Amino acid sequence: MVKILLVGNGAREHAIADTLARSTHQPKIYAAAGERNPGILRICQKTGGEIILGKPTDPKFVAQTAQKYSVDFVFIGPEEPQFMGVADEVENMGIPCIGAKKAPSEIEMSKAFMRRLMWKYKIPGRLRFMAFKNVEDAIAYINEYAESIALKPARQAGGKGVKVIADLQAYLQQEKAEVKRKHAHDIYEKHMQPYTDIEDRILIEQKVEGPEYTLQCFTDGKTIKPLPLVQDNKNAYNMDIGPETGGMGSIGGPGLTLPFINEEEYKQSVSIVENVVRAIDKELGEPYRGVIAGQMMLTALWGPTIIEFYSRFGDPEAVNVLPILESDLVDVSEAIISGKLGKINLKFRDTATVVKCIAPRGYPDRRDLARGHPLYVDEAAIEKRGCRVFYGSVGLQDGEMITGGARAVEILAEAESIPEASEIAESCIDFVKLKDDWKLFHRSDIGGETLLEKRIELAQLIREIYNYRREKDLVGRQVDWIPLRGRIEYQA
Ligand code: GLY
């Protein structure tokens, strides 16, 4: 019998556990988790495994647990255990691991490593950037050069702290420079403050715009097997307003692309991720085994462009694609481990998917308010509508489900089109409730006709400019006209 240790306890890990449990190998699933996620617990118990509570980021805890239960392999869900060297420790004990080791996981952890790699290997979809180790140098650069920019923490910091500032006009330049300076301080003093594992602190990138999407892939370090595209929606509230969250819902399909990304753009996106996996192998001399995802944007500069990389599945993006995977995830995992991923024919059900995330009010900025509420989910009613429930930030106390302060539940709906799936998911929202008088919220617009049209229109506009630039041989080159300074050209 195959035994697997899953690391992590969110909705993404619930989807991974669910997909592993569907395998014809009938694996016994254990989970090294920080909380008793009710969905993962049920799967572990059903397969004869259990949840072992501990810190998923602690390499010793995970490796010793894997050894204790004599598992055949470990499957890591989230990024932080990878950054902390969990895969390295597990493999040092002779147990194979699906999940990037510490060095290759820098593709997500260090945004400067990722950009330097893309520039060194001249991979399309790269952006101009500067990385700073201290705030004074970042501010000196802002004062002297930075016009339209994205200011980011140089490390993966839970998706927080990114600010995009457009600034090509002569007016309000002082005010905009002040906003940039203040945000550079915020990144340095607030967003990067918890992290001592990286020298670069602040990243300044050229600003680009366009619709975003995620391309998730399995890789054994040589071959990549792409999954269908998914678009996550990061803002907390309808119409893309409000603070950035881990993602409030996502759309996918039908088929491999999205309604606003065409086949050619899909292929270009796959080629970018493939080039990056090869570059990691060359640079580090060790294979990348697990999942890699390009968080991409369709831009006029390059077409498909890398905004960042994930060294794992996205959450909620995993919930769109894993439940529709027809191939056996244990076979896929074993092929990754043996370096034979090329032999796997990855198959998916051809359907449109919409995931709606439901969170207690307070998320994302006041997690203290969102935490500690008793949760009720009428799973039978949701399943009756053909939908699935995936539990996120939820634990169990005396048999009661209690919210953990972030996205509590993700509902997956499938249909022939994204708007139809969105409508079905919407009909399930009221089946998720808090038992006290605190309130939940979600985004009703994700997957709906209006937002989808907006994405399609934006993509069409960007594509037209990109095609014009391609005709003029301007792909990857940027020309700015700055009042009083004239024409500035940058070449990738
Ligand atoms: N959905 C964004 C993330 O997984 O980081």
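Predicted, not measured: the structure shown is a model, and the values here were computed from it. Atoms within each ligand, like the ligands themselves, are counted from 1 in listed order. The figures here come from the full heavy-atom set of this structure, side chains too, leaving out hydrogens, waters and symmetry mates.
Taking the ring centre of Tyr195 as origin, the terminal cationic atom of Arg155 falls inside the region bounded by 6.0 Å and 45° from the ring axis. A cation-pi geometry, defined here as NZ or CZ lying under 6.0 Å from the six-membered ring centre and within 45° of its normal, does not hold between Arg463 and Tyr466.
Short contacts between ligand 1 and Tyr310, defined as distances under 4.0 Å to a heavy atom of the residue, involve ligand atoms 2 (C), 3 (C), 5 (O). Per-residue contacts place Gly314 under 4.0 angstrom from the following atoms of ligand 1 (heavy atoms of the residue considered): 4 (O).
Note: no N/O pair closer than 3.5 Å links Lys234 and ligand 1 by distance alone. For the pair Gly246 and ligand 1, the shortest N or O to N or O distance falls below 3.5 Å. Annotation: Asp232 places an N or O atom under 3.5 Å from an N or O atom of ligand 1; distance criterion only.
The existence of a salt bridge linking Lys356 and Glu410 is excluded, since no basic side-chain nitrogen approaches an acidic carboxylate oxygen closer than 4.0 Å.
Defined by atom type and a distance below 3.5 Å, a donor-acceptor pair is missing between the side-chain atoms of Asp200 and Ser110. A donor-acceptor contact under 3.5 angstrom links the side chains of Thr214 and Glu317, judged on distance only. Gln193 and Tyr188 form no side-chain donor-acceptor contact under 3.5 Å, judged by distance and modelled atom types alone.
Each of Gln216, Gln82, Glu108 was compared with Arg312 under the side-chain hydrogen bond (donor to acceptor under 3.5 Å, both in side chains) criterion, and only Glu108 meets it.
Using 4.0 Å as the threshold, Gly247 has no heavy atom nearer than that to any atom of ligand 1. Proximity of Gly159 to ligand 1 is not established, as no heavy-atom distance is less than 4.0 Å.
The nearest non-hydrogen atom to atom 5 (O) of ligand 1, considering only Gln156, Arg312, Glu79, comes from Arg312.
At a heavy-atom cutoff of 4.0 Å, ligand 1 is contacted by no atom of Phe313, backbone or side chain. Of the heavy atoms in Gln295, none comes closer than 4.0 Å to ligand 1.
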